[in-house]
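Labels below follow one simple rule: chain letters A, B, ... track the order of the sequence lines, proteins then strands, and each chain is numbered from 1.
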Amino acid sequence: MTIGLVDCNSFYCSCERVFKPETRGRPIIVLSNNDGCAIAFSREAKAIGFGQMCEPFFETEERIKKHKVVVFSSNYTLYDDMSKRVMTLLKNYTPELEVYSVDEAFLSLDGYDHFDLVEYGKKIRKDILKITGIPVGVGISKTKVLSKIANKLSKKSKGVWVMNTDKEIDEALKNYPVRDIWGIGSASARKLNLLGITTAYEFKMYKNENLIQKMLTKTGREVQEELRGVRCLEMEEVEAKVNIANTRSFGKDTYSKRELQEAIATFATKCAEKLRYQDSVCYGLSVFVHTNAFKEIEQYYGSGSFVFGSGTSDTIKIIKAAWHVLDQIYRPGFGYKKGGVILNHIVSKNENQLNLFNQDPSDNEKLSNVIDLINNRYGPRTIKSAACGINHAWKLRADYITKRYTTNWNEILTV
DNA sequence: TCTGGGGTCCTAGGACCC
DNA sequence: TCTGGGGTCCTAGGACCC
């Protein structure tokens with residue numbers, strides 16, 4: 001019974017660093033969409049006091065200058081591609097890989113007990129670094145929750161941490177704050193503190209399981225069992241998404257309905273592409289727009305939803321529905337700062353039920369598929385609905401964006 | 001005065017994650 | 001001037017059914 005967790009160190013920063021080797025050893029931060037706030041920090045940046053998730057960028061500019069921090073806008077095209085490379089390599093080290101997020105994956109290592117797991121972890125690290133340029137940490141233990149902890153401890157040693165005996169595990173848990181356990185957030189940590197529990201070890205040993213179930217629900221109870229080495233969270237197949245969203249802050253306050261329509265159409269298009277990519281259809285969507293919550297002005301938050309007669313993944317249909325909702329929620333006079341489209345009630349294309357009373361033949365699957373093909377070959381948005389507009393006055397800021405070195409021939413690295 | 005019992009389905013909201 | 005985005009799971013409670 002062994003599970004490994006491989007996690008890329010400061011992933012976004014590391015991706016940028018691969019193509020800018022001159023930034024080695026220098027503090028790096030990566031900004032969120034719209035250059036709004038800091039979301040990723042290199043080790044050097046953490047060492048000089050950065051690291052607070054979502055700290056507003058403009059409030060840190062002084063410190064950034066002072067420490068000569070290298071700043072990047074986020075470049076998700078690059079990060080996604082680098083992520084795929086890392087994950088593809090990781091498949092070589094396990095019969096079963098669960099990609100948990102863009103920068104981490106669980107490896108089933110059942111039956112590897114006779115291996116020298118520390119050496120195995122070191123090999124994984126070395127190979128990934130050599131081939132992709134991304135440094136990773138490897139944690140190995142009995143359950144997912146424990147391997148998460150092992151992974152965190154790996155960052156403070158040489159990148160690999162294995163704990164498989166009860167002694168090794170208890171020793172680690174005694175110094176591990178309950179708040180830092182995977183699955184225990186601030187609300188649960190507060191409740192556990194009330195019971196006098198502050199370390200992972202105390203949580204593991206706490207005997208009143210019924211109370212834990214009551215206070216932290218099933219989720220919290222499973223975490224407790226996992227700390228005890230009992231597997232509750234299995235390796236999972238990566239399943240199709242149940243909700244698909246595309247939401248953005250606008251670069252400026254937006255008053256014009258026309259501009260909102262363009263933004264909403266763009267979000268809807270993006271959602272529909274993701275939907276088709278996973279061979280699904282949706283039965284409903286919701287749309288929201290709201291004013292700038294940070295300003296002391298009259299606020300308005302509008303949202304509404306739409307239900308389709310039968311499942312669809314047709315971009316045109318989805319845009320029309322989203323606009324219909326926008327018509328209902330738009331109030332003139334407000335400066336909108338944020339908006340989004342969320343698709344829900346998603347099922348596999350094969351399970352789509354046609355509606356007896358509403359057999360809509362306009363669902364143009366072929367058209368959407370051809371558009372996808374063209375956009376895949378010639379670049380995103382080569383062809384799009386005119387509804388999305390051209391100028392994108394609402395567009396976000398990205399003043400420090402790097403090139404798409406690995407996915408676009410025109411932006412390939414020059415040496 | 002007193003008001004059954006056993007279900008299912010859906011949704012909103014909380015909590016958590018990266 | 002400026003404040004991110006995209007997900008999952010669980011539970012309680014309402015609506016509804018027989």
Side-chain angles (χ1 to χ4, degrees), chain A residues 5-12 29-41 52-62 64 71-76 79-80 83 98-106 144-145 148 151-152 178-192 212-223 232-234 236-253 267 270-271 274-275 278 283-284 286 288 290-296 303 305 307 335 337-346 396-400:
Chain A
L5 177 69
V6 175
D7 166 298
C8 303
N9 300 346
S10 309
F11 182 55
Y12 294 175
I29 67 174
V30 174
L31 303 177
S32 66
N33 269 320
N34 221 17
D35 291 347
C37 44
I39 53 166
F41 315 87
Q52 190 199 327
M53 192 59 159
C54 247
E55 186 171 21
F57 175 46
F58 67 92
E59 287 177 7
T60 64
E61 278 183 319
E62 285 284 298
I64 283 174
V71 176
F72 296 103
S73 301
S74 34
N75 182 343
Y76 293 106
Y79 310 152
D80 285 346
S83 172
E98 176 187 339
V99 177
Y100 178 69
S101 75
V102 70
D103 72 336
E104 62 187 290
F106 289 104
K144 281 186 171 178
V145 168
K148 271 280 204 179
N151 182 277
K152 214 163 236 184
V178 82
R179 171 64 183 89
D180 293 348
I181 302 170
W182 185 50
I184 302 299
S186 58
S188 299
R190 218 175 303 124
K191 288 175 192 166
L192 290 172
I212 297 297
Q213 164 82 39
K214 207 167 214 170
M215 291 172 73
L216 306 188
T217 75
K218 188 183 164 200
T219 328
R221 257 299 282 152
E222 285 178 345
V223 171
C232 297
L233 310 170
E234 299 298 331
E236 285 174 19
E237 301 281 320
V238 176
E239 299 197 4
K241 304 240 183 301
V242 182
N243 297 295
I244 290 178
N246 197 232
T247 72
R248 286 287 178 279
S249 296
F250 305 140
K252 62 180 177 68
D253 288 355
F267 302 151
K270 195 85 192 166
C271 284
K274 286 196 218 172
L275 189 63
Q278 65 167 44
Y283 280 79
S286 55
F288 73 85
H290 65 79
T291 46
N292 189 341
F294 290 95
K295 280 192 184 166
E296 296 201 4
S303 71
S305 51
V307 177
K337 181 61 180 170
K338 205 170 196 171
V341 173
I342 300 150
L343 306 183
N344 43 46
H345 295 149
I346 292 173
L396 18 102
R397 285 172 51 172
D399 295 340
Y400 313 94

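Proximity of A/Lys295 to the phosphate of C/dT3: no side-chain N or O atom is located under 4.0 Å from OP1 or OP2. Applying the 4.0 Å criterion to OP1 and OP2 of C/dG6, one finds that A/Arg248 has a side-chain N or O inside that range. Applying the 4.0 Å criterion to OP1 and OP2 of C/dG5, one finds that A/Ser249 has a side-chain N or O inside that range. Checking the phosphate oxygens (OP1, OP2) of C/dC10, a side-chain nitrogen or oxygen of A/Lys218 falls inside 4.0 Å. Between A/Thr217 and the phosphate of B/dA15, there is no side-chain N or O to OP1/OP2 separation shorter than 4.0 Å. In this model, the phosphate group of C/dC2 is not approached by any side-chain N or O of A/Asn34 to a distance below 4.0 Å at OP1 or OP2. Dashed line: the shortest gap from a side-chain N or O of A/Lys274 to OP1 or OP2 of C/dG7 is under 4.0 Å.
At a threshold of 4.0 angstrom between heavy atoms, the contacts of A/Lys214 with the nucleic acid are absent. Counting any heavy atom pair closer than 4.0 Å across all strands shown, A/Ser74 reaches no nucleic acid atom.
Atom CE in A/Met53 sits roughly 17 Å away from atom P in C/dT3 (whole-Å rounding). If you measure from atom CD of A/Glu236 to atom C1' of B/dC18, you get 15 Å, rounded to the nearest angstrom. Rounded to a whole Å, the CD1 atom of A/Ile342 is 12 Å from the P atom of C/dT8. Here the P atom of nucleotide C/dG6 and the CZ atom of A/Phe11 are 18 Å apart, to the nearest Å.
Taking atom C1' on both C/dC17 and B/dG4, the two are 15 Å apart, rounded to the nearest angstrom.
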